[in-house]
Structures are given as C-alpha cells and as structure tokens.
Amino acid sequence: MPQPRLFLVYEPEKACLDRLMSQGYPTERAAEISSYLAQSTDLAPEFAEIWREAAKRGITFTPLELDQAAAAITSADPATSLVWTLTDGIAYFRGGSAPALARLANSRTLGADDSLFALCQDKFRSGAVLAALGLPVPQAGLARDGRWLVEPPACENGWFVKPNRLGAKIGIWPDSHCRDLDHALELSRRVFSHYRDDVVVQPYVAGRNVRASFLDVTGHADMSSLGIFLVDSGGDFQTMADSLALYGDSGADARASGAYVEPALVPLAATQPSADAEIRRIAMTLMNGLGLRDVFSIDLRVDADDTVHLIEFEVCPGLPCFDFRAYCRAHWSMSLAEAMAETAARRLVG
C-alpha cells in the first residue's frame with residue numbers, strides 16, 4: 001500500500017504575477033495583487049523541514065504548485081491522500097480550485113468546504129452570510145468606479161473603504177478611513193482603476209485589531225485551542241504598505257533594509273476576558289453555521305467596553321506569518337513545520 005501522502009497545493013507569486021500582466025495589469029499593480037500569495041514564497045524555504053517532520057510521522061510530504069495539482073491529485077490514491085490548500089480564491093487567485101479537484105478525485109481535504117474558498121474572498125457576499133447567522137459584522141455598502149450599487153448606512157465616525165475581492169491589505173491606504181461619502185466614491189474610482197474591483201464601504205468601527213487563529217492539530221480540538229491575540233502595529237489599521245513590508249519578496253527587502261518590524265501580539269484574555277469569550281462563541285458559530293474547520297483565522301475589532309466587531313474570516317490563514325507561528329508555539333508548543341506534519345499525520349495514520 002502506498003505511504004500516506006500530504007499534498008500541499010500552493011499558487012506561486014510569480015505565476016500569478018505573470019498571469020495578471022498577461023491580462024494587461026501594469027507591473028506595479030500586478031505585483032501588489034500577487035503579494036497576497038506571499039505565504040507561498042515564505043513557506044517554500046521550509047519545505048525540507050516539513051518533509052523531515054512528516055517522515056518522522058510515517059507520511060510523505062509533497063508540495064504542489066497549483067498548475068501541477070490537477071494531474072497529481074487525480075492520479076493519487078484517494079485512500080492514502082490528504083490535500084491541504086494554502087491559498088484561496090477564484091477571482092485574482094485560483095487556489096480555490098484545489099479543494100474542488102480533491103473532491104472530484106474523492107481525496108480527503110484539510111480545511112473548509114470548497115465553496116468557502118470562493119465566499120471568503122468576496123467581502124460583500126460573505127458579510128451578508130455572516131449577518132444572516134446573527135454575527136456582529138458591520139453593514140456594508142458596495143460601490144463600483146464611483147457609483148453606488150448598494151448605499152452604505154449613515155455613520156457619525158465615517159466609513160472604511162476596502163477592495164471587495166482582494167486581501168492582504170491590497171488597496172488599503174492611509175485615507176481608507178474616510179469622513180464623507182464623496183471621498184468613499186473617489187476611493188472606489190482609485191480601486192477600480194488600479195485593480196478592476198468594487199469596494200466595500202462599511203461604517204468605521206473603533207477599537208483594537210484582534211486576530212483569532214485555529215489549527216486542529218489533534219483532529220478533535222475545541223474552542224480552547226483558538227488563539228486570540230491583540231495585534232498592535234502602531235497604527236489604527238494596517239495599510240498595504242505595512243503588509244508589503246512583512247511578507248514575501250517585499251518583506252525580504254524590508255528585512256534587508258532594516259525596515260521590517262513585526263506587530264506586537266498580546267493575548268486578549270489577559271486584559272479583556274469577556275471579549276475573549278465572545279470571540280470563542282463567534283468562532284463556534286462560524287464552525288457550526290458556516291462550515292469552518294481544521295484551520296482558519298478571524299479578523300476582529302474589539303472596543304474598550306468589550307464590544308466585538310467581526311470583520312472577516314480566512315479559510316487559508318497565512319501559515320508562515322508571524323502571528324500563526326506565534327500561535328503554534330504558544331498553544332501547541334510546536335514549530336510551524338511540526339504542527340503541519342502532526343496535523344496531517346493524525347488524519348492519515350491516526
């Protein structure tokens with residue numbers, strides 16, 4: 001019988017960059033968009049370590065570039081295969097096709113249902129679903145190139161404007177928190193010009209940024225395994241420039257120049273235990289009502305009075321990012337490579 005095998009499917013930054021440029025995007029914009037895939041760049045140097053940790057546990061580790069995935073997954077033995085998809089998306093990014101390929105091949109997958117790989121990258125649609133589940137997500141308007149498709153609600157604190165289908169802070173600038181709706185429409189024109197995307201316009205919510213991370217290493221973890229951290233980047237919110245200085249090739253450049261600074265992480269329970277408990281309730285609702293499982297992250301804002309605002313969820317959290325590594329160390333007492341190998345082995349060999 002073949003040795004159990006973990007397939008890690010990822011979309012490289014370079015492949016995405018080349019594809020976007022062939023579609024007419026200028027180099028600078030294509031580079032910004034493809035930076036969403038920086039975790040592929042950042043994780044690649046650790047493939048050998050993941051392979052060693054997997055071998056210790058009796059499984060084989062096979063990283064697969066997305067364009068190689070169809071042939072490899074459909075020809076693999078579904079009884080001994082597990083597919084872990086590193087990147088989501090069906091718009092600018094194509095990683096969401098990998099879980100569907102695994103389902104077609106009758107292979108097991110690690111992570112959410114393949115339908116969520118598309119939903120999570122559409123902020124307007126996913127927000128509607130989260131609201132229907134009764135979760136505290138800000139109501140959103142939607143604009144395209146200076147025209148309202150759905151008008152946002154009134155808000156005394158202004159609005160926050162961000163691209164609808166782009167992550168990793170792409171298209172978020174220092175003026176993305178705006179004070180009037182004319183400015184919001186101007187931002188929508190800028191986003192459409194740069195990225196050919198709509199914008200979500202939400203009432204601005206005050207508070208501190210919180211990231212909740214989850215990896216079910218054992219196969220039966222509960223909400224006590226959710227890691228909830230305040231993320232202090234020194235500003236009210238992270239911008240695209242902040243993100244580019246942390247990850248991928250641009251993050252490597254920032255390290256080389258001495259400009260790399262990781263945000264500080266502080267366990268939320270240490271200062272706001274009630275908010276921590278509310279976030280665990282929200283995460284359980286997302287698992288039960290939406291279908292999140294195995295590995296995910298949630299972005300939130302938390303007020304001083306413990307009011308929690310759910311901003312978005314990710315089915316493909318940035319595994320090699322500083323915050324997820326910190327979570328693996330703090331909760332599982334493992335390196336990222338150890339945690340990934342152990343998670344796969346528990347499902348492949350028990």
Chemist: When you check the gap from the basic side-chain N to the acidic O, do Glu32 and Arg29 get nearer than 4.0 Å?
Modeler: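 A salt bridge links Glu32 with Arg29.
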Chemist: With hydrophobic residues grouped by side-chain heavy-atom distances under 4.5 Å, do Tyr204 and Phe124 end up in a single group?
Modeler: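 Unlinked, Tyr204 and Phe124 end up in two clusters.
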Chemist: Any chance you could measure Leu110, atom CG, to Asp294, atom CG, to the nearest 0.5 Å?
Modeler: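 Leu110 CG to Asp294 CG: 4.0 Å, rounded to 0.5 Å.
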Chemist: Between side-chain atoms of residues 92-100 and protein atoms elsewhere (two or more places apart, or another chain), which donor-acceptor pairs fall under 3.5 Å?
Modeler:
residue : atom : partner : partner atom : Å
Tyr92   : OH   : Tyr195  : O            : 2.6
Arg94   : NH1  : Asp67   : OD1          : 3.4
Arg94   : NH2  : Asp67   : OD1          : 3.2
Ser97   : OG   : Arg94   : O            : 2.8

Chemist: Apply side chain to side chain donor-acceptor pair (under 3.5 Å) to Glu46 and list each qualifying residue two or more places apart in sequence or on a separate chain.
Modeler: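 Listed in chain order: Arg325.
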Chemist: Any chance you could measure Leu20, atom CG, to Ser22, atom OG, to the nearest 0.5 Å?
Modeler: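 Going from the CG atom of Leu20 to the OG atom of Ser22 covers 7.5 Å.
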Chemist: Yes or no on side-chain contact (heavy atoms from CB on, under 4.5 Å) for Thr343 and Leu215, after CA distance, side-chain angles and deciding distance?
Modeler: CA-CA 8 Å; Thr343 299; Leu215 178 64; 3.7 Å; yes
Chemist: Taking NZ, NE, NH1 and NH2 as the nitrogens, is one of them in Arg190 or Glu186 under 4.0 Å from a carboxylate oxygen of the other?
Modeler: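 A salt bridge is absent here (no side-chain N lies under 4.0 Å from a carboxylate O).
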Chemist: Calculate, to the nearest 0.5 Å, the distance between atoms CD1 and CG belonging to Ile73 and Leu101 respectively.
Modeler: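 So the CD1 of Ile73 and the CG of Leu101 are separated by 5.5 Å.
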Chemist: Show me the donor-acceptor pairs, under 3.5 Å and distance only, between side chains in residues 129-150 and residues at least two apart or in other chains.
Modeler:
residue : atom : partner : partner atom : Å
Arg144  : NE   : Asp198  : OD1          : 2.7
Arg144  : NH2  : Asp198  : OD2          : 3.1

Chemist: Using a side-chain heavy atom cutoff under 4.5 Å and only I, L, V, M, F, W and Y, what cluster partners does Leu104 have?
Modeler: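 Its cluster partners, ordered by chain and number, are none at all.
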Chemist: Determine whether Asp232 and Val266 satisfy the following criterion, side-chain contact (heavy atoms from CB on, under 4.5 Å), listing intermediate values before the conclusion.
Modeler: CA-CA 8 Å; Asp232 184 2; Val266 179; over 6 Å; no
Chemist: If you count heavy atoms of other groups shown closer than 6.0 angstrom to CG of Asn106, is the number above 12?
Modeler: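 No, because the 6.0 Å sphere around CG of Asn106 holds 12 heavy atoms or fewer from other groups.
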Chemist: Hey, could you give me each pair passing salt bridge (charged side-chain N to carboxylate O under 4.0 Å, His left out) that has a residue in residues 212-227? Not counting sequence neighbours.
Modeler: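 Passing the test, one end in residues 212-227: Asp216-Arg347.
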Chemist: Can you name the residues that form a side chain to side chain donor-acceptor pair (under 3.5 Å) with Tyr10, not counting sequence neighbours?
Modeler: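 None.
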Chemist: Would you kindly confirm whether Leu64 and Leu37 end up in one hydrophobic cluster when ILVMFWY residues are joined by side chain heavy atoms under 4.5 Å apart?
Modeler: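 Not linked; separate clusters.
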Chemist: Would Arg5 and Ile59 count as a side-chain contact (heavy atoms from CB on, under 4.5 Å) if you check the C-alpha gap in whole Å, the side-chain angles of each, and the deciding distance to 0.1 Å?
Modeler: CA-CA 6 Å; Arg5 185 179 299 271; Ile59 65 174; over 6 Å; no
Chemist: Side-chain contact test, heavy atoms from C-beta onward, threshold under 4.5 Å: evaluate it for Arg108 versus Leu348 and give yes or no.
Modeler: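 Yes; the side chains approach each other to less than 4.5 Å.
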Chemist: Kindly compute the distance separating CE (Met223) from CZ (Arg281), expressed to the nearest 0.5 Å.
Modeler: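 These two atoms lie 12.5 Å from each other.
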Chemist: Would Ile279 and Leu300 count as a side-chain contact (heavy atoms from CB on, under 4.5 Å) here? Give the steps.
Modeler: CA-CA 9 Å; Ile279 291 170; Leu300 312 105; 4.0 Å; yes
Chemist: Check the pair Lys56 / Glu53 against salt bridge (charged side-chain N to carboxylate O under 4.0 Å, His left out), numbers first and verdict last.
Modeler: CA-CA 5 Å; Lys56 291 178 185 178; Glu53 292 297 334; 3.2 Å; yes
